Amino acid sequence: RLADRMAGAMSIIIPLAAAVAALVAVASGASASEALLRALSTLVIACPCALGIATPIAFITAASRAAREGLLVRDPAAFELLGVARTIVFDKTGTLTAGRPSVASIEPEVGWSEETVIGIAAEAEHGIEHPIARAIVAAAGEPHTSGGGTRDGRRAWAMDNHGREIVVQADDGGVSDTATRLRVSIDGRTIGRIALADRERPEAAAAIEALRSRGLNVLLATGDASGPARHLARTIGIRADEIFAHCSPERKLELVRRSVGPVVFVGDGINDGPALAASDCGITMAEAHAGATALASIAISRAGVEAVVVAIDLARNTRLVMRQNLVFAVVYNMLALTAAGTGTVPPVLAAFVMLLSSATVLINSFRVKS
């Protein structure tokens with residue numbers, strides 16, 4: 001966008017400079033043909049080709065490098081902001097964890113059985129595209145209902161065949177904080193609790209450390225309960241004051257908006273959609289929900305959290321090359337205008353020098369690396 005604005009200004013400045021060169025030549029006693037040749041040389045040599053391709057060529061090179069690393073860059077402007085990001089917000093399940101939780105235990109209340117509790121929970125979770133919902137449905141088997149839905153992005157909800165309201169939501173109760181715990185209720189009465197276990201991604205701790213070393217603020221925002229969120233945070237190196245548990249999609253959105261920007265959000269679920277769209281650069285993990293990927297600026301097609309570090313390094317290097325290209329193009333045009341205006345460079349040589357400047361920008365763009 002900066003290059004576009006600069007090229008737009010140059011498209012006005014260059015014809016004016018050519019006219020001034022011709023007038024100065026005439027005023028200094030040069031012939032009309034000499035004045036026209038100076039004007040022509042000015043137009044040719046100061047053509048903003050190098051300026052116009054300074055950033056697009058660098059981005060195309062970066063996008064190619066990114067593709068080889070398993071990154072699909074969909075928004076050039078967001079990729080540019082990624083290079084100066086100040087805060088990065090991570091979702092938990094499927095982002096910092098493997099995203100394949102399994103039912104670890106079922107704790108029914110008196111008068112209820114484990115099979116009944118997991119079966120009722122599956123009625124509310126059936127049809128919801130979330131790793132936890134899929135784990136519950138897999139443990140219970142296919143339920144005999146059309147499926148449930150979500151309320152505020154955090155609670156699964158359904159009506160059973162008897163017209164009773166089933167709700168499954170995060171629960172902080174219990175003595176262990178290592179598992180995700182869900183409370184299952186019918187018409188507001190708790191009938192049992194379900195604990196699900198998931199493991200952190202093996203590369204998550206190293207990725208968090210790498211991001212901190214690059215000066216980024218790292219936050220964890222999850223719809224899960226505070227216990228499992230704290231346990232994961234301790235494991236991968238996120239501080240207690242950087243944890244935001246029980247987050248609805250609206251709260252994640254609010255967190256993105258009030259964090260120090262530019263802000264990057266990394267998630268994988270449809271409930272991360274508002275935060276992905278509102279962030280300066282949204283990144284989705286491999287196997288993310290299609291709705292989340294559609295809103296992301298960068299999609300990771302393979303690998304894990306370490307790909308986020310690769311994307312940031314690539315964006316920073318690309319910005320550096322872009323600035324180098326722009327500085328070269330501007331300095332070149334200033335010197336070229338002076339040379340052409342004084343008649344030092346004839347039109348044929350001006351054309352060659354103009355092409356040489358574009359080639360220099362093109363070659364420098366190949367220096368983009370991750």
Side-chain angles (χ1 to χ4, degrees), residues 74-75 78 81-82 85-99 101 125 128-133 149-157 168-172 180-182 196 198 200-201 204 207-208 211 216-233 236 238-300 304-305 308 311-312:
R74 307 174 61 193
D75 187 342
L81 290 173
L82 179 64
R86 299 279 303 280
T87 303
I88 182 164
V89 183
F90 282 97
D91 174 48
K92 173 179 170 285
T93 304
T95 302
L96 292 175
T97 67
E125 300 284 1
I128 298 176
E129 290 296 325
H130 190 277
I132 288 178
T150 59
R151 285 181 176 176
D152 64 34
R154 295 176 53 229
R155 295 181 295 170
W157 171 90
V168 182
Q169 59 188 351
D171 178 61
D172 271 324
T180 296
R181 295 174 57 84
L182 302 175
L196 298 99
D198 195 6
E200 71 276 3
R201 290 180 181 268
I208 297 300
L211 292 169
L216 277 81
N217 301 316
V218 181
L219 305 178
L220 171 62
T222 175
D224 208 343
S226 57
R230 287 194 302 268
H231 174 72
L232 174 68
I236 64 176
I238 295 179
R239 299 191 303 267
D241 61 338
E242 298 171 329
I243 304 170
F244 298 86
H246 295 289
C247 281
S248 63
E250 292 75 18
R251 192 179 177 200
K252 290 181 180 179
L253 173 61
E254 179 186 357
L255 178 62
V256 166
R257 286 177 172 171
R258 64 183 176 87
S259 296
V260 179
V263 179
V264 180
F265 186 90
V266 187
D268 75 318
I270 189 62
N271 59 327
D272 298 323
L276 286 167
S279 63
D280 296 293
C281 182
I283 301 177
T284 52
M285 304 298 294
E287 301 179 1
H289 188 280
T293 302
L295 295 170
S297 305
I298 298 176
I300 299 173
V305 188
V308 176
I312 290 175

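Heavy-atom basis, side chains included; hydrogens, waters and symmetry copies ignored. We're numbering straight along the sequence, starting at 1. None of these values were measured; they are calculated from a predicted model.
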State, yes or no, whether a side-chain contact exists between I208 and I238 at a heavy-atom distance under 4.5 Å.
yes
Please check: side-chain N/O of T87 versus main-chain N/O of V260, any donor-acceptor pairing under 3.5 Å?
yes
Note: V264 and A85 closest approach over all heavy atoms is CG2-CB, 3.6 Å
Take V89 and V266, measure what side chain to side chain contact (heavy atoms under 4.5 Å, CB included) needs, and give me the verdict at the end.
CA-CA 6 Å; V89 183; V266 187; over 6 Å; no
Euclidean distance, L82 CG relative to S297 OG, rounded to 0.5 Å:
9.0 Å
Could you give the distance from CG (L96) to CZ (F90), rounded to the nearest 0.5 Å?
5.5 Å
Any donor and acceptor pair, going by atom type alone, linking the side chain of R86 with main-chain N or O of P262 inside 3.5 Å?
no
Heavy-atom closest contact (L255 atom, A221 atom, distance):
CD2-CB, 3.7 Å
For L219 and I88, what are the C-alpha separation, side-chain angles and deciding distance, and is it a side chain to side chain contact (heavy atoms under 4.5 Å, CB included)?
CA-CA 6 Å; L219 305 178; I88 182 164; over 6 Å; no
Sorted by chain and residue number, the side chain to side chain contact (heavy atoms under 4.5 Å, CB included) partners of A296 (sequence neighbours excluded) come out as T284
By salt bridge (Lys or Arg N to Asp or Glu O under 4.0 Å) - contacts of E242 (at least two apart)
R212, R239
How far does OG1 of T95 sit from CG of D268, to the nearest 0.5 angstrom?
4.0 Å
How would you list all residue pairs meeting side chain to side chain donor-acceptor pair (under 3.5 Å) that involve residues 251-260, not counting sequence neighbours?
D91-K252, K252-D272
Please name all residues satisfying side chain to side chain donor-acceptor pair (under 3.5 Å) with K92, sequence neighbours left out, ordered by chain then number.
D224
Looking at every non-hydrogen atom in both residues, tell me the closest pair between F244 and C247 and how far apart they are.
O-SG, 3.3 Å
With sequence neighbours left out, the residues meeting side chain to side chain contact (heavy atoms under 4.5 Å, CB included) with A98 are R100, D198, R199
Here the pair of heavy atoms bringing I243 nearest to A229 is CG2-CB, 3.8 Å
Looking at CD of E200 and CD1 of I236, how far apart are the two atoms once the value is rounded to the nearest 0.5 Å?
8.0 Å
Does L182 form a side chain to side chain contact (heavy atoms under 4.5 Å, CB included) with Q169? I'd like the steps, not just the answer.
CA-CA 5 Å; L182 302 175; Q169 59 188 351; over 6 Å; no
Tell me if a side-chain donor or acceptor on R74 pairs with a main-chain N or O of T293 at a distance below 3.5 Å.
yes
Measure from the side-chain N and O atoms of D280 to the backbone N and O of V263, and report whether any donor-acceptor pair falls under 3.5 Å.
yes
Criterion side chain to side chain contact (heavy atoms under 4.5 Å, CB included) on V308 and I300, from CA distance to verdict:
CA-CA 8 Å; V308 176; I300 299 173; 4.0 Å; yes
Does the side chain of C281 reach to within under 4.5 Å of the side chain of L81, using non-hydrogen atoms?
no
Closest non-hydrogen atoms of A278 and L253, given as atom of the first, atom of the second and distance, are CB-CD1, 3.2 Å
